[in-house]
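Note that these values count all heavy atoms, side chains included, but never hydrogens, waters or copies made by symmetry. The structure presented is a predicted model; accordingly, all values stated were derived computationally and were not measured.
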Amino acid sequence: VDGTRQYDALPRNAQLASLTRPRPISDAELLPNPEFLQFDIDVSKTPWVGLINGRPYDPDNARVLKLNTAQTWEISSVFSHHPYHIHVNPFEVIVRDTTGRISDRFWKDTILIEQLNAQQDNKVEVRTRYADFAGAFVSHCHILDHGDHGMMEKIIIEP
């Protein structure tokens with residue numbers, strides 16, 4: 001591992017300046033408590049089960065968030081790599097330098113989450129605004145088979 005992440009090769013804000021992008025999410029907008037999402041696969045079961053935060057998809061167990069707020073999310077994976085995708089709300093990927101300062105930020109709706117390992121912290125920090133939509137949708141691993149095996153989570157945005 002050379003210390004770079006797969007998204008280091010993606011276009012940066014300067015290259016995308018001519019496109020309409022959401023405004024950056026400031027520190028002042030953020031709720032104090034972040035959200036956490038961790039992908040995993042339970043291979044002890046047959047068939048195997050995809051998990052988010054230790055649980056397979058359950059439409060009766062939703063993550064409930066508040067409309068017109070913004071939050072930091074910390075996303076990771078303990079088993080394999082997974083392209084994280086969320087419906088409705090794009091997210092701003094936050095890249096920090098070795099001192100912890102933001103060195104780059106860019107907007108996505110899908111990003112690869114690499115498996116955690118001892119040599120590198122592969123957690124991805126993102127920020128998202130819950131604006132313009134109240135209701136239910138999902139976030140999930142964008143590998144169809146993984147979502148079909150339960151690696152999906154219902155999210156509800158409440159007014």
Considering all heavy atoms of both residues, which atom of [X] and which atom of [Y] are nearest to each other, and what is their separation?
| X | Y | value |
| --- | --- | --- |
| Ile156 | Ala62 | CD1-CB, 3.7 Å |
| Val95 | Phe106 | CG2-CE2, 3.8 Å |
| Lys66 | Tyr130 | O-CD1, 3.4 Å |
| Pro24 | Glu29 | O-OE2, 3.7 Å |
| Ser76 | Lys123 | CB-CG, 3.9 Å |
| Phe91 | Thr110 | CZ-N, 3.7 Å |

| request: Could you state whether Val88 and Ile111 fall into the same hydrophobic cluster, counting links through intermediate Ile, Leu, Val, Met, Phe, Trp or Tyr residues with side-chain heavy atoms under 4.5 angstrom apart? | output: yes

| message | Test of understanding: clusters of I, L, V, M, F, W, Y form through side-chain heavy atoms closer than 4.5 Å, transitively. Do Phe79 and Leu116 belong to the same one? | response | no

Determine yes or no for a side-chain-to-main-chain donor-acceptor pair under 3.5 angstrom, with [X] supplying the side chain and [Y] the backbone.
| X | Y | answer |
| --- | --- | --- |
| His82 | Ile113 | no |
| Asn53 | Gln38 | yes |
| Gln71 | Asn33 | yes |

Side chains of [X] and [Y]: closer than 4.5 Å at any heavy-atom pair?
| X | Y | value |
| --- | --- | --- |
| Phe39 | Ile52 | yes |
| Leu37 | Glu153 | yes |
| Glu35 | Ile75 | no |
| Tyr84 | Ser139 | yes |
| Val64 | Ile155 | no |
| His149 | Val49 | no |
| Ile41 | His146 | yes |
| Leu67 | Phe133 | no |

Connected hydrophobic set around [X], excluding itself, where side chains approach under 4.5 Å:
| X | answer |
| --- | --- |
| Tyr57 | Val138, Met152 |
| Ile25 | Leu30, Trp107 |
| Leu144 | none |

| task | Can you sort out the partners of His85 under ring-ring contact (aromatic ring centres under 6.0 Å, His included), two or more places apart, ordered by chain and number? | result | His87, His140, His142

| Who pairs with Asn122 by side chain to side chain donor-acceptor pair (under 3.5 Å), at least two apart in sequence or on another chain? | Gln120

| field | Separation between CG of Asp42 and CG of Leu51, rounded to the nearest 0.5 Å | value | 5.5 Å

| Glu158 CD to Leu65 CG distance, which is reported to the nearest 0.5 Å | 9.0 Å

| said: Go through it in stages, so that I can follow the logic: the residues are Arg63 and Ile157, the test is side chain to side chain contact (heavy atoms under 4.5 Å, CB included), and I'd like the CA-CA distance, side-chain angles, deciding distance and then a yes or no. | reply: CA-CA 9 Å; Arg63 186 186 301 249; Ile157 306 293; over 6 Å; no

| field | Residue pairs fulfilling salt bridge (charged side-chain N to carboxylate O under 4.0 Å, His left out) with at least one residue in residues 88-103, sequence neighbours excluded | value | Glu92-Arg105, Arg96-Glu125

| task | Using a strict 4.0 Å threshold on nitrogen-to-oxygen distance, state whether Asp40 and Arg55 make a salt bridge. | result | no

